[in-house]
Structures are given as C-alpha cells and as structure tokens.
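The first residue of the sequence shown is numbered 1, and numbering continues consecutively from there. No hydrogens, no waters, no symmetry mates; every other heavy atom, side chains included, goes into these values.
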Amino acid sequence: MTTRAHVIIIGGGFTGAALAIQLAQGEVAVTVIEPRAAPGYGVAYSTEEPAHRINVPADKMQLAGEPQGDFERWFRSGGGLETDPQALWRDGKIYPQRNAFGRYVEQRFHQAARSGSASLRHLRDRAVSLQPDAQGATVTTASGERLWGDYVVLAVSHPPPSPPRQISAGLAQSARLIANPWAADALEQVAADEPLAIVGAGLTMADAVAALRRRGHRGQIVAFSRHGLLPRPNAEGDYPAWPIAPAAPKLGHWLRQVRLEVARAAAQQVPWQAVLDDVRANGQRLWQAFSPVEQRRFLRHLRAYWDVHRYRIAPQVSTLLEEKRAAGSLRVLAARLQRAELEPQGVRLDLALRGGGAETLRVQRLLVTTGPAHAGLLASGPLLGGLAEQGVLRADPLGLGLLVSADSQAIDRHGRANPRLLVAGPAARGRFGELMGLPQVAEHAQSVAQYLLARCPASR
C-alpha cells in the first residue's frame with residue numbers, strides 16, 4: 001500500500017492557510033494545526049472589531065497566483081459594500097473591515113480542500129511539542145494527539161508586545177495596564193472619559209484609537225514613541241509604477257537614491273508611495289545584498305522611518321487620527337518612557353522628550369502597542385521554547401525571528417539546516433527582510449510550497 005507524503009503546518013493564520021492552499025495542487029496530505037475555528041484569520045484577520053480595517057486597498061490583496069483584485073471582486077460580489085458601506089473611500093478604493101479578508105482566505109482554503117489534488121485537513125488544536133528525526137518529525141498537540149509528518153512547517157504567529165521594562169511591578173499586575181491590545185476584550189473596561197497613554201505610535205496604536213472612538217471614548221489620549229512618527233496614508237487614486245534602477249548594494253547608496261527618486265517622482269506629480277512600492281517589491285533582494293553590519297545599521301537608524309512609509313494606514317483611520325489631533329484629544333509625542341508606576345488614582349508616567357526636556361503624565365490606563373515582540377519569539381510558548389532547548393531552533397542574530405537558510409529551512413545550534421523542518425512567513429524575516437506585508441508573505445508561502453512539492457513524491 002502507498003501513502004502520500006504528509007506535511008504538517010503549525011499555525012493556520014494567513015501564512016499557514018496560504019501555504020496549504022498552494023500545496024493543494026500536489027499529491028500530498030496536509031494537516032494544518034490551528035486552535036481557531038477556521039484557518040485563514042490569525043492575529044490580524046480574526047479581529048471582530050468593526051473599526052479595524054485593512055491598511056491597503058482591497059484590489060491589492062490576494063493570494064499568490066490569484067488574479068489582481070481577486071479579494072475586491074469577492075468582497076463586492078458577496079454584498080460587502082451593502083453591509084460595510086464605509087469601506088468605500090472617496091477615491092473609489094475599498095478598505096474593508098479586516099475580518100472580511102480572513103473570511104476570504106477561509107473560503108479559498110475550503111475550495112482548495114474540495115477541488116485540489118491534495119488532502120487538506122484543519123485540526124483545531126495547538127501544537128505543544130515537536131520531536132524531529134531523520135525522516136520527518138512527530139508533533140504532539142495540547143489534546144494529546146500525536147502526528148508524524150514527512151515535513152513540518154512552522155507558520156507561527158506574532159508574539160504579543162512585551163511590556164517595557166520601565167513599568168513597575170505593581171502596574172504590571174494591575175488592570176490599569178493593557179499589555180496585549182490584540183486580546184478580544186482588551187478595551188472593554190475603558191470608561192468613556194478616561195485619559196489614556198499609549199506606548200507606541202504605529203498601526204496598533206491607530207487600531208486602538210479607532211476602536212476606542214467607536215466605543216464612544218472621548219477622553220484625552222497621549223501616544224508616544226521614540227521618534228513620534230505616525231503611519232503615513234496611502235495615496236488617493238491610481239498612480240503609475242516608478243521602477244528604480246539597481247544601485248550598488250550599500251545602504252547609504254540606496255538611501256540617497258530613494259530620496260532622489262522621490263524628488264524626481266514629485267516633479268512629475270507622482271506620489272512618493274510609488275517609489276516606496278518599488279523598493280518594497282525588491283525588498284528581499286535588497287536586504288540579502290546588505291552586509292550584516294548594514295542590516296544592523298538599517299534596524300538601528302532607518303527602521304522607524306521605513307516602517308511608517310511602508311506600513312501605511314487606511315484613510316478612514318488616518319482621517320480619524322487627524323481629526324482627533326486637530327481637536328486636541330490626541331497628542332503624539334517623541335519620547336522615551338523613563339518610569340511608569342501605579343498610583344492611587346491611576347498611572348504616573350515619566351517621559352524623556354526627544355531633543356531634551358521631560359514630561360510627567362497622569363492617566364487612568366496605559367496601553368502597550370509597541371508591536372510584536374519578535375525578539376522573544378522562542379520564549380513565546382512551549383513548542384518553540386522546547387525546540388530551542390533541544391537546539392533544533394535558533395533566534396536569528398538580528399532579533400527578528402528564527403534563523404533559516406535560503407530555502408527557509410530551520411537552522412540548529414550547530415549551524416545545520418534541517419530540510420524537513422521549515423519556517424514560513426514573518427518568523428523568517430531575519431533572512432528575507434521584507435516579510436511582513438501580505439504580498440511578500442503570500443509569495444513566501446508559495447516558495448515554501450514549491451520547495452515541498454518538489455521533494456514530496458506522489459506516493460511512497
């Protein structure tokens with residue numbers, strides 16, 4: 001009797017579901033281990049908060065291999081604009097509620113399961129341990145099920161933000177600290193008039209402010225980060241592509257060229273977003289051409305500026321932030337947290353302002369929206385922690401995720417790549433650089449699927 005090669009995907013968010021959909025074209029058996037009720041949602045798209053919207057136009061979101069605009073057509077044909085009319089912006093672009101994209105991916109997963117050559121199964125469980133051997137690995141789940149796979153792919157989720165070390169022990173144990181803004185009930189206890197402080201000024205902060213506004217919050221909000229930079233908006237309407245000729249693989253050269261190209265584009269009434277789109281599209285090639293020293297320089301000096309231009313914001317949310325700032329109900333500071341302590345009437349924060357000076361804030365609650373704690377990924381759960389203890393996994397030296405080879409194979413403590421244990425999605429971005437945005441994650445899932453299908457015989 002012959003059996004199909006078995007691929008186990010640990011994690012069924014967008015990355016895991018996209019990988020399974022790509023594998024569906026092969027003669028393999030695929031098990032996606034995901035504790036949520038359905039694959040395709042993950043942290044980003046499982047939110048039920050109506051104020052959370054996708055941050056790029058719907059016509060730019062689809063799975064790898066799908067035609068341009070596939071998600072937008074799906075959204076329109078399913079009556080999305082009737083149930084969510086605010087998704088349509090004044091330039092004709094659509095920014096649906098984020099959960100809609102999760103439903104799209106879930107539907108595509110089920111379609112692939114019905115019509116593809118592979119056998120696709122979603123196991124609603126959580127992987128808690130993995131024991132590799134020369135031919136594959138055995139995965140044990142929280143419910144006690146044991147599965148053996150010829151290949152295992154870690155499509156693990158982002159870990160929640162790490163509370164800053166400047167937060168006192170008393171505050172860390174208090175309900176006045178909201179340490180994980182992604183939790184479903186994170187904002188339920190916030191009263192309408194409570195003054196708040198938010199550590200972090202990026203997309204997660206914007207999500208929190210939008211969700212608070214929908215709940216009727218009208219208290220003062222102060223958001224702060226080291227640079228005090230807010231996510232930039234998308235350009236309205238359509239604009240032409242602006243390809244950039246390759247420069248020498250040096251960080252300084254690329255920075256000068258990007259600035260020059262932005263100026264050239266502006267002279268022709270082309271927005272800077274077109275230039276950054278081309279940089280993003282070539283981001284993995286550029287990142288891997290940089291030396292480790294240059295990569296560290298980028299992370300230390302340019303990452304904050306790149307992030308706010310690369311990870312843009314839905315216009316509905318951008319407009320809300322602008323309105324709140326104009327009304328004085330939202331302040332954004334460039335500052336470092338020196339100390340955060342619990343007081344009888346709330347929270348006291350001591351800030352060191354960028355450029356000099358200090359400010360003390362007294363608020364009712366403190367929210368942490370500093371983004372995923374990628375450097376703490378190996379300590380985020382028993383599965384990855386156990387693999388790190390075994391020496392099967394290593395953190396990448398840049399603190400962005402897991403150390404992998406050019407083929408996305410996990411690298412162990414001895415520097416050996418494991419051809420049967422792979423990493424897909426953002427956890428591999430230390431190697432690939434630009435691996436957080438949806439198009440790049442979808443393409444990476446496709447490349448991992450191609451690796452696996454090339455090595456999995458139709459039967460064995």
Side-chain angles (χ1 to χ4, degrees), residues 13-15 17-18 21 38-111 202-211 213-214 230-242 270-274 276-278 280-281 308-324 436-443:
F14 174 75
T15 301
I21 291 167
Y41 293 85
V43 172
Y45 305 111
S46 61
T47 175
E48 298 285 350
E49 169 55 56
H52 291 171
R53 297 190 174 275
I54 62 172
N55 291 309
V56 297
D59 65 352
K60 295 185 177 181
M61 295 185 68
Q62 61 269 325
L63 294 155
E66 295 290 349
Q68 175 79 20
D70 189 60
F71 170 55
E72 180 178 336
R73 287 186 289 274
W74 175 90
F75 181 76
R76 286 180 179 272
S77 65
L81 286 177
E82 285 72 30
T83 58
D84 180 19
Q86 291 183 335
L88 181 63
W89 193 242
R90 61 194 177 204
D91 63 350
K93 298 295 184 180
I94 296 175
Y95 295 82
Q97 293 169 0
R98 207 169 294 160
N99 185 263
F101 188 75
R103 297 196 303 273
Y104 163 79
V105 179
E106 179 192 0
Q107 186 179 101
R108 292 293 184 260
F109 176 89
H110 292 309
Q111 289 176 348
L203 293 177
T204 307
M205 179 279 294
D207 280 347
V209 171
R213 170 70 172 269
R214 191 191 66 81
L230 289 175
R232 301 308 195 252
N234 291 290
E236 293 199 7
D238 296 314
Y239 49 84
W242 192 273
V270 176
W272 61 262
Q273 288 89 340
L276 270 292
D277 286 349
D278 191 75
R280 181 206 65 213
V308 297
H309 290 86
R310 164 64 183 91
Y311 303 110
R312 299 167 205 156
I313 194 170
Q316 294 90 335
V317 181
S318 179
T319 300
L320 167 63
L321 296 183
E322 292 173 1
E323 291 174 349
K324 290 185 71 64
M436 288 288 285
L438 187 135
Q440 287 69 44
V441 174
E443 291 167 4

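- Shown here for Leu321 and Ala206, the closest heavy-atom pair between the two residues is CD1-CB, 4.0 Å.
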### Task
Apply side chain to side chain donor-acceptor pair (under 3.5 Å) to Trp89 and Glu236, showing your working.
CA-CA 9 Å; Trp89 193 242; Glu236 293 199 7; 3.1 Å; yes

### Message
Apply side-chain contact (heavy atoms from CB on, under 4.5 Å) to residues Asp70 and Leu63 and explain how you reach the verdict.
### Response
CA-CA 8 Å; Asp70 189 60; Leu63 294 155; over 6 Å; no

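- Tyr104 places none of its side-chain heavy atoms less than 4.5 Å from the side chain of Met61.
- Between Arg98 and Asp207 the shortest side-chain heavy-atom distance falls below 4.5 Å.
- Scanning all heavy atoms of the two residues, the minimum distance from Pro240 to Val270 falls at CG-CG2, 3.9 Å.
- Side-chain atoms of Lys93 and Pro315, non-hydrogen and from C-beta on, never get closer than 4.5 Å to each other.
- Enclosure of atom CD in Gln111 by more than 12 non-hydrogen atoms of other residues, nucleotides or ligands within 6.0 angstrom is indicated.
- Take Arg232 and apply the salt bridge (Lys or Arg N to Asp or Glu O under 4.0 Å) test, not counting sequence neighbours, and it matches no residue.
- Atom CH2 of residue Trp272 and atom NE2 of residue His309 lie 5.0 Å apart, to the nearest 0.5 angstrom.
- When all heavy atoms are compared, the tightest approach of Val441 to Thr15 is CG1-OG1, 3.2 Å.
- Between Leu276 and Arg312, the closest heavy-atom pair is CB-NH2, 3.5 Å.
- Under the 4.5 Å side-chain criterion, counting only non-hydrogen atoms from C-beta, Arg310 is not in contact with Met436.
- Residues Phe101 and Leu438 meet the side-chain proximity criterion, which asks for heavy atoms closer than 4.5 Å.
- Atoms NE2 and CD, from His52 and Gln316 in turn, are 13.5 Å apart once rounded to the nearest 0.5 Å.
- Using a distance-only test at 3.5 Å, with no hydrogens or angles considered, a donor-acceptor pair links the side chain of Asn234 to the main chain of Asn55.
- The main-chain N or O of Gly42 is found under 3.5 Å from a side-chain atom of Ser46 such that the two form a donor-acceptor pair.
- You'll find the side chain of Phe75 stays beyond 4.5 Å of the side chain of Asp59, heavy atoms only.
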### Message
Could you go through Tyr95 and Val317, starting from their C-alpha distance and side-chain angles, then the distance that decides it, and tell me whether this counts as side-chain contact (heavy atoms from CB on, under 4.5 Å)?
### Response
CA-CA 10 Å; Tyr95 295 82; Val317 181; over 6 Å; no

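- Remark: the backbone N or O of Phe71 is not paired with any side-chain donor or acceptor of Gln62 at under 3.5 angstrom.
- Contact detail for Ala64 and Ala442: the closest heavy-atom pair is CB-O, 3.6 Å.
- Here the CD-CG distance, from Gln86 to Leu81, works out to 11.5 Å after rounding to the nearest 0.5 Å.
- Not a single donor-acceptor pair under 3.5 Å links the side chain of Gln97 to the backbone N or O of Asn99.
- When every heavy atom of Pro50 is checked against every heavy atom of Arg214, the shortest pair comes out as CD-NE, 3.6 Å.
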### Query
Going through the distances and angles, do Val308 and Leu230 end up as a side-chain contact (heavy atoms from CB on, under 4.5 Å)?
CA-CA 6 Å; Val308 297; Leu230 289 175; over 6 Å; no

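- Without hydrogens or angle criteria, Arg53 side chain to Ile94 main chain gives no donor-acceptor distance under 3.5 Å.
- Taking CZ of Arg108 as the reference point, atom CZ of Arg103 lies at 13.0 Å (rounded to 0.5 Å).
- Contact check for Asp277 versus Lys60: side-chain heavy atoms found under the 4.5 Å cut-off.
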